[in-house]
Amino acid sequence: MLSVSGLSVALALVLLPASTEALKEGECEVCIAFLGRFYDSLKDNEVAFNNVDIEKALTKSCNDAKGKENRFCYYIGATSDAATKMINEVSKPMSHHVPVEKICEKLKKKDSQICELKYDKQLDLSTVDLKKLKVKDLKKVLEDWGESCKGCAEKSDFIRKITELMPKYAPAAARARTEL
């Protein structure tokens with residue numbers, strides 16, 4: 001029969017690898033990027049680092065957020081239609097200048113969906129063959145530019161619209177395409 005002393009149990013616990021609470025590479029991509037830019041904007045605008053001012057500024061930033069960043073704001077309760085209110089989980093640590101990565105780690109423990117958000121990969125319009133893209137992707141390009149294609153029924157209509165607007169929104173890509 002094996003007997004385990006308190007010392008050997010303590011030693012075994014010390015030798016076990018610590019639970020990996022740290023974020024993995026690429027995890028919490030939207031959280032880290034959005035809160036990083038937000039923190040920098042607080043410093044640039046010389047906002048007082050207290051909970052109330054940070055929450056006001058965060059709510060204001062979230063009103064302008066689109067796509068995945070808007071979804072992140074929804075998850076933390078910084079949008080008007082949010083079901084939960086975890087905004088203080090951001091404002092309080094940020095008021096103490098806690099690193100953004102640590103804030104996102106804590107948010108992950110509260111709601112794992114926050115760290116599952118990833119940005120859509122960006123298309124390289126200078127090299128991609130628009131004819132090979134799906135209509136959904138073509139619509140996404142126009143949406144990212146804040147444009148729409150009213151009356152577009154065929155894929156070729158979307159391609160024509162993107163090609164027409166490319167010099168305005170992606171001038172480098174437009175130049176590269178004309179050089180091909």
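Along the sequence shown, the residues carry numbers beginning at 1.
- Note that CG of Leu125 is 13.5 Å distant from OH of Tyr169, once rounded to the nearest 0.5 Å.
- For the residue pair Cys73 and Ala65, the shortest heavy atom distance occurs at SG-CB, 4.2 Å.
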task: Using the side-chain contact (heavy atoms from CB on, under 4.5 Å) rule, take Thr79 and Asn70 through it: C-alpha gap first, then chi angles, then the decisive distance, then the call.
output: CA-CA 8 Å; Thr79 59; Asn70 180 270; 4.2 Å; yes

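- Side-chain atoms of Thr163 come within 3.5 Å of backbone N or O of Ile159 as a donor-acceptor pair.
- Here the OG1-CD1 distance, from Thr59 to Ile87, works out to 3.5 Å after rounding to the nearest 0.5 Å.
- Separation of atoms NZ (Lys161) and CE (Met166) is listed at 13.5 Å; rounding is to 0.5 Å.
- For the residue pair Gly77 and Ala82, the shortest heavy atom distance occurs at CA-CB, 3.5 Å.
- Side-chain atoms of Lys68 never come within 3.5 Å of backbone atoms of Leu117 as a donor-acceptor pair (strictly under, hydrogens ignored).
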Check residues 148-156 and write down every donor-acceptor pair under 3.5 Å in which the side-chain atom is one partner and the other belongs to a residue at least two apart or another chain.
| unit_1 | atom_1 | unit_2 | atom_2 | d |
| --- | --- | --- | --- | --- |
| Ser148 | OG | Lys150 | NZ | 3.4 |
| Lys155 | NZ | Lys131 | O | 2.8 |
| Lys155 | NZ | Leu133 | O | 2.6 |

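- Note that the CD atom of Gln113 and the CG atom of Leu107 stand 12.5 Å from one another [nearest 0.5 Å].
- One distance of note links CG of Leu35 with SG of Cys28; it measures 9.5 Å at 0.5 Å rounding.
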task: List the steps and the verdict of side chain to side chain donor-acceptor pair (under 3.5 Å) for Thr127 and Asp124.
output: CA-CA 6 Å; Thr127 58; Asp124 182 8; 3.1 Å; yes

message: Go through it in stages, so that I can follow the logic: the residues are Met94 and Val98, the test is side-chain contact (heavy atoms from CB on, under 4.5 Å), and I'd like the CA-CA distance, side-chain angles, deciding distance and then a yes or no.
response: CA-CA 5 Å; Met94 198 166 275; Val98 171; over 6 Å; no

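- Within the structure, ring pair (Phe, Tyr, Trp, His ring centres under 6.0 Å) contacts touching residues 102-139 (residues at least two apart or in different chains) do not occur.
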task: Start with the C-alpha gap between Phe34 and Ser61, add the side-chain angles, then the distance that decides, and say whether side-chain contact (heavy atoms from CB on, under 4.5 Å) holds.
output: CA-CA 10 Å; Phe34 182 79; Ser61 290; 4.2 Å; yes

Please tabulate, for the side chains in residues 139-146, all donor-acceptor contacts under 3.5 angstrom to protein atoms that are two or more places apart in sequence or on a different chain.
| unit_1 | atom_1 | unit_2 | atom_2 | d |
| --- | --- | --- | --- | --- |
| Lys140 | NZ | Asp144 | OD1 | 2.7 |

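- Between Leu58 and Ser91, the closest side-chain pair of non-hydrogen atoms is not below 4.5 Å.
- Partners of Tyr39 by side chain to side chain donor-acceptor pair (under 3.5 Å), not counting sequence neighbours, listed by chain and number: His97.
- Using a 4.5 Å heavy-atom cutoff, the side chains of His96 and Phe49 are not in contact.
- When all heavy atoms of Leu130 and Arg177 are compared, the pair lying nearest together is CG-NH2, 3.5 Å.
- Checked for salt-bridge contact, Lys110 and Glu89 meet the test: a charged N lies under 4.0 Å from a carboxylate O.
- Atom-to-atom distance recorded for Phe72:CZ and Ile76:CD1 is 4.0 Å, nearest 0.5 angstrom.
- Scanning both residues, Ala48 and Ile54, for their nearest heavy atoms gives O-CG1, 4.2 Å.
- Between Asn88 and Asn51, every side-chain heavy-atom pair lies at or beyond the 4.5 Å cut-off.
- Glu69 has a carboxylate O that lies under 4.0 Å from a charged side-chain N of Arg37, or vice versa, which qualifies the two as a salt bridge.
- Side-chain contact between Arg71 and Ile114 is absent, with no heavy atoms from C-beta onward closer than 4.5 Å.
- A search for salt bridge (Lys or Arg N to Asp or Glu O under 4.0 Å) contacts involving Glu29 returns nothing, not counting sequence neighbours.
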message: Pair Cys31, Tyr75 - check side-chain contact (heavy atoms from CB on, under 4.5 Å), show working.
response: CA-CA 10 Å; Cys31 178; Tyr75 288 155; over 6 Å; no

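- Judged as a salt bridge (Lys or Arg N to Asp or Glu O under 4.0 Å), and not counting sequence neighbours, Glu55 has no contacts.
- The environment of NZ in Lys118 is crowded: more than 12 heavy-atom neighbours from other residues, nucleotides or ligands sit within 6.0 Å.
- Side-chain atoms of Leu42 and Asp53, non-hydrogen and from C-beta on, never get closer than 4.5 Å to each other.
- Val100 has its side chain out of reach of Phe38: every pair of non-hydrogen atoms, C-beta onward, lies at least 4.5 Å apart.
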